[in-house]
Amino acid sequence: MSLESLTSISRFYGSNPDYVLAGGGNTSWKDGDTLYVKGSGMPLAGVTPDSFVKMDRKALARIWEKQYPESNDERESAVLADMMTARMAGEEQKRPSVEALLHNLLPFAYVVHLHPALVNGLTCSQRGESAMKEIFGIEAVWIPSSNPGYILAKTVKTEMETYSARYGKPPAIIFMQNHGVFAGDSSVEGVKQLYDFIMRKIGSLVQREPCFTDEQRTLSDCASVGGVGKTLAELAKGVAVFMQCKEVAALVKDRGSFAPVTSAFSPDHIVYAGSDPLFIGTDTEAGINEAMIQKAWSSHVQKNGRNPKIIAVQGTGVFGAGVNEKAANFALDLFKDTIRVSVYAECFGGPLFMTQDKIDFINNWEVERFRTSISAK
């Protein structure tokens, strides 16, 4: 058991897009009274032993002894301050994952939290909880939708205590509505076996795989779409990347077809692709022009208070917009993930977006604004 093993399993999953996209997911290793947890916003694929924040487990445990304000902003600011205080000497320039508290709670040497589209097809579905119980029985627990960070960790703490009292052991698999899954074990091999088990069980129920084999992406002012990308890039004050394929074409046929992907399934989708894609309807005979784009963009910004990161144009395709090409492509990567989740969720009663209050929490949370700023670099 070592920090090198933690680095290895982090890179193992981080380099596989079936498990991790952009800066999603977090991992940890416990060594006695010390917790090593991945730094916030750092992509798992490129971590090194220095990417993990060394934290005092006793200091993290003392957080549960405190009373925090009821207000979301005040509470999260206070908890964040206490988490920063729990960093060991020499770690002051690092920022731990927002889920450090939760990692510290789980009594396993290695803990890996991921958001595979296949898993989120279950956790972001109408029948998620009942389907999870049918598939995994007492091998896993279900956590209802909760705000990430302190509230989520507190909810898990309560559920773990209940589970442990009933079964005499802590749960090794924890599914979280609209938030992926945690798996813990005494070894990295054990964690891998748990994820293989999870993916195999859910995968056996999937009836259709979304197809992106014909996907094409073009940067900004693509002549084939009448300069739409150039206009969107100017509005975004950055870059627009155009994506088209048969799977996307079916979604942008009309507003009704686009409905299964009109909102966010998880915090990662909000951070990298936004919570509110813009759909621009067109007159198929007249096509689309700059004035139509500007009007739709302006209305969207006025309504939501922020620029869209995903722009769908009826009958054409989808654009990812961001401050640079990396951010624009991240938006498209997460939009593709949204499509996958939506398709997989059909096996479990249909897709279930995050509720508006949970979406608002993420959009206004300083922690996720930090992750967003890191992702654009």
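Just so it is clear, the model here is predicted, and its values are computed rather than measured.
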OG1-OH distance between T123 and Y344, expressed to the nearest 0.5 angstrom: 13.0 Å
If you take the centroid of each ring, where Trp contributes its six-membered ring, are F52 and Y36 closer together than 6.0 Å? no
Regarding E91 and K94, does a basic nitrogen lie under 4.0 Å from an acidic carboxylate oxygen? yes
Check whether S164 reaches the backbone of E161 with its side chain - one donor and one acceptor, N or O, closer than 3.5 Å. no
Within 6.0 Å of CD in Q67, more than 12 heavy atoms from elsewhere: no
Quick one: closest heavy-atom pair of T34 and K54, and the distance? CG2-CG, 3.4 Å
Working to the nearest 0.5 Å, report the span between CG of N178 and CD1 of I143. 13.5 Å
Would you say CG of D50 has more than 12 non-hydrogen atoms from neighbouring residues, nucleotides or ligands within 6.0 angstrom? no
Side-chain heavy-atom pair K358, P267 within 4.5 angstrom cut-off: no
Side-chain donor/acceptor of Y272 to backbone N/O of G23, under 3.5 Å: yes
Value rounded to 0.5 Å, distance of CE in M160 from NZ in K157: 9.0 Å
Within a reach of under 6.0 Å around CD of Q356, are more than 12 heavy atoms found that belong to other residues, nucleotides or ligands? yes
Just by distance, do the side chain of N120 and the backbone of T338 share a donor-acceptor pair under 3.5 Å? no
Would you please indicate if the ring centroids of F197 and F136 are separated by under 6.0 Å? yes
Is there a donor-acceptor contact under 3.5 Å from the side chain of Q216 to the main chain of Q244? no
Could you grab the distance from atom CG of D337 to atom CG of L332, nearest 0.5 Å is fine? 12.5 Å
Determine whether a donor-acceptor pair (N or O, by modelled atom type, separation under 3.5 Å) exists between the side chain of S342 and the backbone of I339. no
Are any of the side-chain heavy atoms of V119 and I202 separated by less than 4.5 Å? yes
In terms of heavy-atom contacts, S15 and P17 come closest through O-CD, 3.5 Å
Look only at the side chain of R11 and the backbone of V47, and say whether a donor-acceptor pair between them is shorter than 3.5 Å. yes
Does Y163 reach the main-chain N or O of A140 with its side chain, forming a donor-acceptor pair under 3.5 Å? no
Considering only NZ, NE, NH1 and NH2 on the basic side and carboxylate oxygens on the acidic side, decide whether R340 and D18 come within less than 4.0 Å. no
Quick one: do V98 and V79 end up in the same hydrophobic cluster if we chain Ile, Leu, Val, Met, Phe, Trp and Tyr together by side-chain heavy atoms under 4.5 Å apart? no
Can you tell me if Y68 and D82 form a side-chain donor-acceptor pair at under 3.5 Å? yes
If we only count heavy atoms from C-beta on, is the M199 to V181 side-chain gap below 4.5 Å? no
H113 and H103 aromatic centres sub-6.0 Å: no
Going only through I, L, V, M, F, W and Y residues with side-chain contacts under 4.5 Å, is there a path from V111 to V20? no
How close do V37 and S97 get, heavy atom to heavy atom, and via which atoms? CG2-CB, 4.1 Å
Look at the side chain of Y13 and the backbone N and O of G25, then say whether any donor-acceptor pair between them is shorter than 3.5 Å. no
Is it true that, when you exclude K192 itself, more than 12 heavy atoms of the residues, nucleotides or ligands shown sit nearer than 6.0 Å to its NZ? yes
For V261 and P277 the tightest heavy-atom approach is O-CG, 3.6 Å
Considering only NZ, NE, NH1 and NH2 on the basic side and carboxylate oxygens on the acidic side, decide whether K246 and D214 come within less than 4.0 Å. no
Measure the shortest side-chain to side-chain distance between Q314 and D254 over non-hydrogen atoms and say whether it is less than 4.5 angstrom. yes
Where the side chain of S299 meets the backbone of A296, is there a donor-acceptor pair that is under 3.5 Å apart? no
Please name all residues satisfying side-chain hydrogen bond (donor to acceptor under 3.5 Å, both in side chains) with T355, sequence neighbours left out, ordered by chain then number. D357
Are I9 and L106 grouped together when hydrophobic residues (ILVMFWY) are joined by side-chain heavy atoms under 4.5 angstrom apart? no
Counting C-beta onward and ignoring hydrogens, is there a side-chain heavy-atom pair between S275 and I362 closer than 4.5 Å? no
ILVMFWY network linking I198 to V156, side-chain heavy atoms under 4.5 angstrom: no
Flag the pair E215 / V248 as yes when at least one side-chain heavy-atom distance between them is below 4.5 Å, and no otherwise. no
Minimal non-hydrogen separation, P170 against F108, with atom names: CG-CZ, 3.8 Å
With Y167, which residues qualify under side-chain hydrogen bond (donor to acceptor under 3.5 Å, both in side chains), at least two apart? none
Could you state the interatomic distance from OG1 (T231) to CZ (F319), rounded to the nearest 0.5 Å? 9.0 Å
Could you verify whether a donor N or O on one side chain and an acceptor N or O on the other, from T158 and T155, lie under 3.5 Å apart? no
What is the distance from atom CG of N104 to atom NZ of K30, rounded to the nearest 0.5 Å? 6.5 Å
Hey, does L21 have a side-chain heavy atom less than 4.5 Å from the side chain of K336? no
State, yes or no, whether a side-chain contact exists between S145 and M354 at a heavy-atom distance under 4.5 Å. no
Heavy-atom closest pair (F242 atom, G317 atom, distance to 0.1 Å) is CE1-CA, 3.6 Å
Given 3.5 Å as the limit, does a donor-acceptor pair link the side chain of R87 with the main chain of V53, or not? no
Parallel, tilted or perpendicular for Y150 and W64, by the 30°/60° rule? parallel
So for atom CZ, which belongs to R166, do other residues, nucleotides or ligands contribute more than 12 heavy atoms lying within a distance under 6.0 Å? no
